[in-house]
Every structure is written in C-alpha cells, then in structure tokens.
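Below is one structure; the comments refer to it alone.
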Amino acid sequence: MTGDMLKRLAARPQAPLGHDRATPLDRAERLSADLGIDLHMKRDDLAGLGMGGNKVRQLAFYLGEAMAEGADAILITGAVQSNFARTAAAAGARLGMSVHLQLEDRVPSDDPLYRTGGNVFLDGLFGAEARSYPHGEDEAGADRALMAWADELRAAGRRPYVIPLGPGHPPLGALGYCQAAAEVLAQDSAHMVHVIASGSGASHAGLLFGLRALGRQDPVLGICVRRSAGAQIPRLFDRCREIGELLGMENPVHEDDIALFDDSLAPGYGRLSFAVAEAIMTMASREGVALDPVYTGKVFAGLMALRRRHILPDGERVCFWHTGGVPALFAYQNLWREFLSK
C-alpha cells in the first residue's frame with residue numbers, strides 16, 4: 001500500500017507553490033527537559049509561501065486542480081483571521097489568479113485590530129478582494145453565498161474555482177498531509193506520537209491516513225480547536241473515508257485510530273484562555289518560537305494537558321505539528337492585553 005499511495009499522490013496535479021523542500025523537524029531541547037518527554041516540532045510554519053503554515057500543502061492540490069481546469073479566479077471562505085484565506089491570497093499572487101475571500105464572523109470581536117490587522121492586512125497586501133459573511137457556524141449557507149459569488153464572476157467572463165467550506169466535497173487539501181506523513185518519516189523513522197490541530201479535519205485526517213497507508217501505527221492525537229471531540233470524531237472518520245475514495249484506495253484508518261482531545265477548546269474557537277496564553281508564553285520564552293491563539297497555541301496547551309494527565313508518559317517521543325498561523329497573533333494584541341488584565 002505504501003508505494004501505491006505515493007504513486008497516486010504523485011499523479012494528482014499540484015500547483016508550484018514553492019514547498020518542494022521539506023520543512024524542518026527540530027528537537028525542542030529546553031521544553032523536552034521541562035516536560036520530561038522527547039519533544040520535536042515539525043515546522044510547517046516555515047513552509048515558505050505567504051508566511052507559511054499547513055495551508056500551503058493543502059492549496060497545492062486544490063490549485064493544481066484549478067490550474068488543470070483553466071481557472072483564473074479562486075474563491076474561499078474562512079474566519080476573519082483565516083490562515084487559509086491569507087495563504088490562498090498569497091498563492092493567487094504567485095500563480096497570477098485573482099483571489100476572492102468570504103470572511104465569516106466566527107469569533108465575537110469588534111476590536112478594530114482584529115478586524116484589520118494580522119491575516120486581514122496580509123490578505124489586502126497580497127491583492128485579494130474580500131466580502132463579509134455575517135454568520136460563523138453556517139457552513140452550508142457560506143458555501144451557497146460563495147457559489148453565488150462564483151456565478152457573478154462567470155457572468156463577467158471569469159473562470160472561477162471554488163474551495164468549499166463545508167463537508168461533502170472531495171478533501172483535496174488533505175492529500176497534502178498524506179504527503180507530509182511520508183516527509184516526516186523520511187526525516188525520522190522512529191516511533192513518535194504526533195500531536196496536531198483538528199479543525200476542518202483536513203490536516204489531521206491526511207496525516208493519520210498517510211501514516212496508516214505507509215504501514216505505521218504511530219498515534220495521532222488531534223487537539224480540537226473548533227468543536228468538541230464528540231462532534232469531531234464522525235467528521236474526521238468521514239474525511240479519512242473520503243481520502244480513500246479520492247485516491248481510489250481502501251481506507252486504512254479504523255475508528256479506534258481516531259484520538260481527539262478537547263481539554264484546551266474552551267471558551268471556543270479563536271478565543272483566549274489562561275491555558276492557551278500560558279502555552280504561547282511558554283513556547284516563546286523557552287524555545288523562541290511563536291504560536292497563535294487560534295490553532296497552535298491551543299494545540300500546545302492541549303499537549304501540556306495530555307502530559308499532566310500522563311497520556312503522554314515520561315520520555316515519550318512526541319512530534320508537535322506547528323501548522324503556522326502566527327500572523328493572527330498580531331491581530332490579538334488588544335484582546336491579549338485585555339485578557340491578561342482580568
């Protein structure tokens with residue numbers, strides 16, 4: 001099955017987004033000593049395009065299909081501080097495609113810096129056009145609005161390519177993390193427990209599917225960043241099944257392979273907690289690496305909670321997937337100050 005998956009991935013069109021070099025796998029020396037584990041970081045925040053992150057791997061497959069279809073415009077929905085939107089804007093600039101972003105109100109905040117800084121500033125810098133969508137938990141409605149925008153572009157003579165938000169569509173982006181599984185094993189083939197954000201499920205499912213298809217049983221622990229573990233489990237299993245269908249392969253993932261933890265989710269998507277603030281400050285002060293409040297800060301907070309609960313035992317080899325998102329940190333400066341002053 002190993003060679004079969006890699007051949008099928010290689011046969012899919014991929015856009016040239018400059019991520020052909022492996023991202024580093026670094027050992028976190030000081031945090032390893034602090035936490036009593038052997039901690040490594042897969043630095044996908046250094047992926048290279050548009051300030052990096054996991055979406056570079058995902059967009060390579062989406063935009064490979066877009067280029068094959070002759071598209072000249074990209075449409076995508078995300079939260080106001082969406083990393084996917086920001087990376088899509090950068091990818092469009094590189095490929096000469098216009099980018100149209102639908103930014104949904106997923107995080108309750110009227111802070112002007114949140115509304116205009118961080119990823120939003122970069123969206124404009126990369127030349128994207130943005131519209132607002134007033135709801136934050138209406139994936140089907142957001143997709144309908146995006147399709148209507150695509151119809152407007154078609155009527156104007158454009159050739160749009162839509163990246164849907166909701167489930168039920170081929171998870172092309174997850175293929176990037178099937179490839180990432182092979183990449184990390186080429187860097188270190190020893191057993192590791194992988195800890196990664198679980199939001200849309202594309203990166204988590206892709207990594208899990210890829211490892212299992214490569215014959216590895218290394219645990220993949222998903223840290224919930226948007227919905228509870230109970231709500232995320234069926235979504236993730238569906239993603240794994242859809243990856244198999246997309247590649248024309250049997251799904252190697254079993255239900256008992258799916259491990260999800262929502263210890264650090266509260267008070268909700270994109271909202272700060274003391275645990276997340278502590279995790280961000282710990283990583284910064286001990287390793288000189290910045291995390292963000294929405295994804296990687298929650299994941300590292302979840303990792304520390306798993307260590308306290310001894311789900312990660314003494315000396316365990318752990319790979320923390322740094323999936324990027326650091327530009328959003330700059331949009332949270334006012335919220336951060338207000339939160340820490342409470």
Side-chain angles (χ1 to χ4, degrees), residues 8-20 47-80 82-104 119-120 122-133 138-179 199-203 205-206 239 242-243 245-248:
R8 289 168 190 258
L9 288 170
R12 307 285 313 190
Q14 295 186 54
L17 298 184
H19 71 302
D20 51 338
L49 175 74
M51 298 194 74
N54 61 329
K55 304 306 182 186
V56 179
R57 294 186 191 271
Q58 295 186 22
L59 281 164
F61 284 93
Y62 279 117
L63 300 187
E65 182 177 83
M67 293 173 67
E69 293 178 0
D72 62 7
I74 306 161
L75 294 94
I76 188 170
T77 298
V80 170
S82 168
N83 300 313
F84 213 166
R86 177 251 307 163
T87 314
R94 172 165 290 188
L95 299 176
M97 297 179 176
S98 66
V99 179
H100 308 267
L101 308 176
Q102 182 173 253
L103 302 181
E104 52 175 356
N119 283 320
V120 178
L122 291 172
D123 294 343
L125 188 66
F126 294 138
E129 177 187 3
R131 290 183 181 179
S132 295
Y133 186 74
D138 180 15
E139 291 179 329
D143 280 344
R144 286 193 297 270
L146 203 64
M147 294 297 182
W149 195 357
D151 288 341
E152 292 177 30
L153 291 170
R154 287 190 192 92
R158 304 296 302 279
R159 299 184 301 279
Y161 179 85
V162 174
I163 301 175
L165 177 65
H169 304 277
L172 282 170
L175 302 185
Y177 271 77
C178 295
Q179 280 187 331
S200 72
S203 297
R239 289 289 183 186
E242 290 164 354
I243 294 169
E245 292 172 355
L246 189 57
L247 291 176

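Just so we're clear, the structure is a prediction, and the values are computed from it rather than from any experiment. Values reported hereafter were calculated over all heavy atoms of this structure, with side chains retained and with hydrogens, waters and symmetry mates removed.
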(message) Run the side-chain contact (heavy atoms from CB on, under 4.5 Å) test on Phe84 and Ile76 for me, step by step, so that the C-alpha distance in whole Å, both residues' side-chain angles and the decisive distance to 0.1 Å come before the verdict.
(response) CA-CA 8 Å; Phe84 213 166; Ile76 188 170; 3.5 Å; yes
(message) With side-chain contact (heavy atoms from CB on, under 4.5 Å) as the criterion, how do Leu17 and Thr87 come out once you've worked through the C-alpha distance, each side chain's angles and the decisive distance to 0.1 Å?
(response) CA-CA 10 Å; Leu17 298 184; Thr87 314; over 6 Å; no
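Glu152 is linked by a salt bridge (Lys or Arg N to Asp or Glu O under 4.0 Å) to Arg131, counting only residues two or more places apart in sequence or in another chain.
Pairing each heavy atom of Arg86 with each of Gly52, the nearest pair is NH1-O, 2.8 Å. Taking all atoms of both residues into account, the shortest heavy-atom contact from His169 to Arg239 is O-NH1, 4.2 Å. Taking both residues in full, the closest heavy atoms of Arg12 and Leu172 are given as NH2-CD2, 3.3 Å, listed atom of the first, atom of the second, then distance. The shortest non-hydrogen separation linking His100 to Glu129 is ND1-OE1, 2.9 Å. Nearest approach of Ala142 to Leu165, heavy atoms of both residues: CB-CD2, 4.0 Å. The shortest non-hydrogen separation linking Ala85 to Leu103 is CB-CD2, 4.1 Å.
The CD atom of Glu139 sits 9.0 Å away from the OG atom of Ser200 when rounded to the nearest 0.5 Å. Expressed to the nearest 0.5 Å, how far CD1 of Ile74 lies from CG of Leu59 amounts to 7.5 Å. One finds the CG atom of Leu9 at 5.0 Å from the CZ atom of Phe61 (value rounded to the nearest 0.5 Å). Going from atom OH of Tyr133 over to atom OG1 of Thr77 covers 8.5 Å, rounded to the nearest 0.5 Å. Rounded to the nearest 0.5 Å, atoms OG (Ser82) and CD (Gln102) are 11.5 Å apart. The CE atom of Met97 lies 9.5 Å from the OH atom of Tyr161; values are rounded to the nearest 0.5 Å.
The closest side-chain heavy-atom distance from Leu247 to Leu175 is below 4.5 Å.
Formation of a donor-acceptor pair under 3.5 Å by the Arg159 side chain with backbone atoms of Gly70 is found in this model.
In this model, no donor atom of one side chain and acceptor atom of the other lie less than 3.5 Å apart for Arg57 and Asn54.
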